[in-house]
Amino acid sequence: MDVKPTRALIACLLLSSSVQAATTAQLDTARNQGLAWLFTHQSSEGQWQSPGGLPVQTTAAAVDALKNAGITRGYFYAGAVASLRNAEALSNDALARQIGTLSTTGTNTQALVTTLLANRTDLSKAWGALPKYQGSFPDTALALDALLLTNTSYADTATTLGFIWGKQNADGGWPYAVNAPVALQSQIIPTAHNTLTLSRAKLAAWNVDSYITNGVNWLVARKKSDNGFAEDSAATTGSVYETALVYLAMAKAKQASNAAAATAQTVLDGAQDFLVIKQSSDGSWNGDALATALALQALPTVVLADTDKDGIPDSVEPLLATNAATPDGRNLAVGNGNSVPGTTAPVTLAAQELGRAMSVALQNGGGTGPFTWSLISGSLPPGTTLNSGTGVISGMPSTSGTFNFTYQVKNGPGTTLMTAAQLRVADAQSTDIPTMPEWAAMLMATLLALTALRQGRRPRA
């Protein structure tokens, strides 16, 4: 689909006024095209990666982007969550993002949180790039953000917050490293992350508003003439990644009732304008899954309609040549030999016969009960239902065919597990002739020939 003329028109409209916000239609178009690109660029393992790798960070950002559009079902979402659950986060940055995102999907992250806490430095209660490294940014902000998102009872919150605000420079920004050279003191990325985390702390009743104000004011002063933001202070144009990150930080500060952020609405509108203009013709932002996911998070939060419940919104289906009335999202799943049964490929539960009573029990995923099962994508064979209390699919199938669906089971502590499954219903009076191995067919032919030969040599009565 060629969208270049549309993109050029949008750019002209937005650039015609420095304070004119992108219209709802323009934002919707950007969102639909960005989601379509994400769907077609997910790996068979359920991951996304940026050009520099970073599979955990990028996949976490992509899941957050899907949730920002109300997408919490289907093969793409389930595969991404499963991949994130099984990923090994080697840095504190990756681990913190993994925890933060999984905590919003119903996943029990207690073991990951325990590891994150063990990775702190002993004195400052801060986090560096790797376990026990000297405290740095945005590592410390990301780690504390993960603890706040998971409502972890953290006795050293005040100490960690003190580390963050104690390292804020006089100009209101933050450096990457505590002892950074003067020329690298205040930078966009650490300042945006710290501002966002302090805003979340304020929402949790911590008195940090003055530090948020200083951070917001420093960020606002770094806006480029094209309404974007860039880490390179000498750059004359903005960067997608930094602009999306600044938008998210300032939006969180505004949510936390920070006055400086509330009065900077034109800056937020300008950042969205910038992102809409910079979207590539293929729907991505610079062909980078991480930048694309962050840009999608910076668009308004919505719950997109999904009539067939296959995890692909109705407004995105035309861009993918799929049917909004048919749960065909799984047809787009990548299969290169690395697909995972139950996540990116369905598990066949049983083969049933049309018109005969059936009873199929779904797995509970382990853990402690009570368990609750629910259908979150696709459909069961007509004539059958799922008992949410027992996890049993029962009834009498009234239509033959292959039925793909995704079910979710939640245990007592609140942990959820999603599984892609399949039921096959065959016609009751099937005339299909069973097939046999080639060697068996040859043996049968030989025996028939020998029998005919013997009968031909019998003496006549």
_Check: F39 ring centre within less than 6.0 Å of Y77 ring centre_ = no
_Could you check whether any side-chain N or O of T197 sits under 3.5 Å from a backbone N or O of N194, counting only pairs where one atom can act as donor and the other as acceptor?_
no
*Is there a donor in the side chain of K254 and an acceptor in the side chain of Q265, or the other way round, less than 3.5 Å apart?*
yes
*So among D209, I212, L203, which one has a side-chain contact (heavy atoms from CB on, under 4.5 Å) with L198?*
I212
*Is there a side-chain contact between K125 and T140, using heavy atoms and a 4.5 Å cut-off?*
no
*Rounded to the nearest 0.5 Å, what separation is found between the OG1 atom of T191 and the CZ atom of F229?*
11.5 Å
*Is it true that the side chains of D139 and N92 contain a donor and an acceptor less than 3.5 Å apart?*
no
*Which heavy-atom pair separates A271 from Y247 by the least distance, and what is that distance?*
CB-CD1, 4.0 Å
*Any side-chain heavy-atom pair of D122 and K132 under 4.5 Å*: yes
_Are I99 and L149 packed together at the side-chain level, in the sense that at least one heavy-atom pair is separated by less than 4.5 angstrom?_
no
*Is the backbone N or O of I189 less than 3.5 Å from a side-chain atom of E231, with the two atoms forming a donor-acceptor pair by type?*
yes
*asked:* side chain to side chain contact (heavy atoms under 4.5 Å, CB included), that's the test. Do W127 and T121 meet it? Break it down for me.
replied: CA-CA 6 Å; W127 283 262; T121 57; over 6 Å; no
*Do T150 and L102 have side-chain heavy atoms sitting under 4.5 Å apart?*
no
*Taking the side chain as every heavy atom from C-beta outward, state whether T236 and S225 have any pair of such atoms under 4.5 Å apart.*
no
*On the 0 to 90° scale, with breaks at 30° and 60°, tag the W37-H41 ring pair as parallel, tilted or perpendicular.*
parallel
*Inter-residue atom distance L84.CG - L112.CG, 0.5 Å rounding*: 9.0 Å
_Side-chain donor-acceptor contact under 3.5 Å, D93 with S91_ = no
*Kindly indicate whether the side chain of R31, heavy atoms from C-beta on, has any atom under 4.5 Å from the side chain of P300.*
yes
*Distance-minimising heavy-atom pair for A230 and G238*: CB-CA, 4.2 Å
*Rounded to the nearest 0.5 Å, what separation is found between the CH2 atom of W285 and the NZ atom of K278?*
13.0 Å
_Less than 4.5 Å apart, side chain to side chain, heavy atoms only: is that true for I188 and W218?_
yes
*Is there a donor-acceptor contact under 3.5 Å from the side chain of Q297 to the main chain of D64?*
no
*Tell me, do T114 and Q110 make a side-chain contact under 4.5 Å, heavy atoms counted?*
yes
*asked:* Given 3.5 Å as the limit, does a donor-acceptor pair link the side chain of T372 with the main chain of S388, or not?
replied: no
*asked:* Can you tell me how the ring of W174 sits relative to the ring of F137, calling it parallel under 30°, perpendicular over 60° and tilted otherwise?
replied: perpendicular
*Test N119 against L130 for side chain to side chain contact (heavy atoms under 4.5 Å, CB included), laying out the working first.*
CA-CA 7 Å; N119 289 351; L130 296 171; over 6 Å; no
*asked:* Please check this pair: side chain of T115 against backbone of A111, looking for a donor-acceptor N/O pair closer than 3.5 Å.
replied: yes
*Check for a donor-acceptor pair, side chain of N68 on one end and backbone N or O of L296 on the other, with a separation under 3.5 Å.*
yes
*Determine which pairs satisfy salt bridge (charged side-chain N to carboxylate O under 4.0 Å, His left out) with at least one residue from residues 152-168, sequence neighbours left out, and list them in order.*
R120-D156
*Side-chain donor or acceptor of T384 paired with backbone N/O of P381 under 3.5 Å*: yes
*Gap separating the CD atom of Q255 from the OG atom of S199, nearest 0.5 angstrom*: 9.0 Å
_Looking at Q47 and T59, would you say the former's side chain and the latter's main chain have a donor-acceptor pair under 3.5 Å?_
no
*Does any donor atom in the side chain of T29 or Q26 lie under 3.5 Å from an acceptor atom in the other side chain?*
no
_Shortest non-hydrogen contact between P190 and P175, atoms and distance_ = CB-O, 3.4 Å
_From OG (S374) to CZ (R73), nearest 0.5 Å_ = 9.5 Å
*Write down the atom of V220, the atom of M250, and the distance for their closest heavy-atom approach.*
CG2-CE, 3.6 Å
*Would you please say whether a donor-acceptor pair under 3.5 Å links the side chains of N258 and T213?*
yes
Do any side-chain atoms of residues 318-326 form donor-acceptor pairs under 3.5 angstrom with protein atoms, and if so which ones, sequence neighbours left out?
from, atom 1, to, atom 2, distance (Å)
T322, OG1, E317, O, 3.3
T322, OG1, E317, OE1, 2.4
N323, OD1, A325, N, 2.8

*Does the side chain to side chain contact (heavy atoms under 4.5 Å, CB included) test come out yes or no for Y154 and L117, once each step is laid out?*
CA-CA 9 Å; Y154 177 47; L117 289 172; 3.8 Å; yes
*asked:* Donor-acceptor pair, distance only, cut-off 3.5 Å: does the side chain of K223 make one with the backbone of G228?
replied: no
*salt bridge (charged side-chain N to carboxylate O under 4.0 Å, His left out) with D288: which residues, sequence neighbours excluded?*
none
*asked:* Can a donor-acceptor pair be found, under 3.5 Å and without considering hydrogens, that links the side chain of T107 to the backbone of S103?
replied: no
*Establish, yes or no, whether a centroid distance under 6.0 Å links the rings of W373 and Y407.*
no
_Nearest non-hydrogen partners of A260 and N217, listed with the distance_ = CB-OD1, 3.7 Å
*Could you please spell out the steps behind the side chain to side chain contact (heavy atoms under 4.5 Å, CB included) verdict for I312 and Y75?*
CA-CA 9 Å; I312 302 178; Y75 290 92; over 6 Å; no
*Mind listing the closest non-hydrogen atom pair of A192 and L245 along with its distance?*
CB-CG, 3.8 Å
*Measuring from L38:CG to T292:OG1, what's the distance to the nearest 0.5 Å?*
6.0 Å
